[in-house]
Amino acid sequence: MSLTETLLASLPSYGLPLLGLVVGISCLGAPLPASIVMMLMGAFATAGDFTLWIVVVVALASAIAGDQVGYMLGRLAGQRLVPIVERNPDRRKALERAQREMDARGNIAVFLTRWLLSPLGPYLNLLAGASSFSWLRFTMAGMLGETVWVGLYTGLGATFSESVTEIAEISGSISGFLAAGAVAAFLGYKLLQALRAKD
């Protein structure tokens, strides 16, 4: 049985503590199925096993706490941690991309990496702390982004509780679809700007 299967099978028994643990640790970069766990907890809440608003509060608090730990690690030990993380080629690429996003977009990059570009989130947390990015700006943008992330997945689970297993199977693609849509919209906007500039 895989780690994901073990976690999902444990949800009915360990519920809210397991939800908080998975969401918080995933925000530190661990490859845990936080989105699927939130979706299933939303479905369990609809079935009456948990209270939906408590599920949302636990997931949101855990996500924000995970972000804060990542930021503080960057602030306290970023200069030593970043070179260690960069030893892995895949992580180095993710760090470089997170740095480009933060340099180009600042607050918006923090907001988007909570839910739309979530694989970059833990790296951006570390870089934001290491570069002394404003804690208040980081926290406000992060809270907004995590609210979207938690609301999206718990809402999907609660709304489509009858089909939650089918949705969970495709949930990994949701971020990809959203990211592709955002890129297409951005490119379309840039193309429109270029065409107007020619006129």
Side-chain angles (χ1 to χ4, degrees), residues 3 7 16-39 41 53-155 171-172 174-176 178-179 182-183 186:
L3 176 61
L7 285 172
L16 294 170
L18 185 58
L19 168 68
L21 194 64
V22 168
V23 171
I25 293 175
S26 76
C27 291
L28 293 171
L32 297 176
S35 298
I36 295 172
V37 167
M38 286 192 291
M39 195 182 309
M41 287 297 287
W53 73 266
I54 296 177
V55 168
V56 170
V57 167
V58 168
L60 186 56
S62 301
I64 292 168
D67 289 345
Q68 291 295 313
V69 170
Y71 179 89
M72 289 304 168
L73 281 172
R75 178 63 62 92
L76 299 172
Q79 300 307 317
R80 292 189 298 275
L81 283 174
V82 169
I84 293 169
V85 173
E86 284 180 329
R87 289 177 191 162
N88 178 302
D90 291 335
R91 290 181 179 159
R92 183 173 62 249
K93 287 178 188 171
L95 268 171
E96 288 167 357
R97 188 171 170 210
Q99 184 68 62
R100 287 195 301 271
E101 289 292 327
M102 193 168 66
D103 290 343
R105 296 175 182 83
N107 290 357
I108 294 173
V110 175
F111 172 73
L112 292 177
T113 54
R114 305 308 94 181
W115 61 283
L116 182 61
L117 305 171
S118 54
L120 299 180
Y123 302 103
L124 192 133
N125 296 349
L126 187 64
L127 289 169
S131 64
S132 297
F133 186 84
S134 163
W135 173 81
L136 184 59
R137 288 172 60 198
F138 173 83
T139 300
M140 296 306 292
M143 287 173 67
L144 286 172
E146 296 297 12
T147 301
V148 173
W149 183 48
V150 170
L152 177 66
Y153 283 97
T154 55
S171 67
I174 290 173
S175 292
L178 290 172
V183 169
F186 175 74

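Each residue takes its place number in the sequence, starting with 1.
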State, with a plain yes or no, whether a side-chain heavy atom of [X] is found less than 4.5 Å away from one of [Y].
X    : Y    : result
L95  : V82  : yes
F133 : N107 : yes
L117 : R97  : yes
L144 : M140 : no

Find the distance between [atom1] ([X]) and [atom2] ([Y]) and round it off to the nearest 0.5 Å.
X    : Y    : atom1 : atom2 : value
T147 : L60  : OG1   : CG    : 4.5 Å
F111 : E146 : CZ    : CD    : 10.5 Å
L19  : L7   : CG    : CG    : 11.0 Å

Going by side-chain contact (heavy atoms from CB on, under 4.5 Å), R114 matches just one of L120, I64, V148, D67. Which one?
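Answer after filtering L120, I64, V148, D67: D67.
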
In a check of side-chain contact (heavy atoms from CB on, under 4.5 Å) between M38 and each of L152, V22, V150, V55, which one passes?
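Going through L152, V22, V150, V55 one by one, the side-chain contact (heavy atoms from CB on, under 4.5 Å) with M38 is satisfied by V150 alone.
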
More than 12 heavy atoms from other groups under 6.0 Å of [atom1] on [X]:
X   : atom1 : result
M72 : CE    : yes
R75 : CZ    : yes
L76 : CG    : yes

For residues [X] and [Y], report the shortest heavy-atom separation together with the two atoms involved.
X    : Y    : result
Y71  : S134 : OH-C, 3.8 Å
F138 : V110 : O-CG1, 3.6 Å
V69  : L28  : CG1-CD2, 3.7 Å
A130 : Q79  : O-NE2, 3.4 Å
A109 : L124 : CB-CD1, 4.0 Å
P83  : G78  : CD-O, 4.2 Å

Please lay out, stage by stage, how Y153 and M41 fare under the test side-chain contact (heavy atoms from CB on, under 4.5 Å).
CA-CA 9 Å; Y153 283 97; M41 287 297 287; over 6 Å; no

Would Y123 and T113 satisfy side-chain contact (heavy atoms from CB on, under 4.5 Å), going step by step from the backbone distance to the final call?
CA-CA 9 Å; Y123 302 103; T113 54; over 6 Å; no

Indicate yes or no for a side-chain donor-acceptor contact from T139 to the backbone of L136 under 3.5 Å, with no hydrogens or angles considered.
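Side chain of T139 to backbone of L136: no pair is present.
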
Just do the side chain to side chain donor-acceptor pair (under 3.5 Å) check on W149 and S35 with the steps written out, would you?
CA-CA 8 Å; W149 183 48; S35 298; 3.1 Å; yes

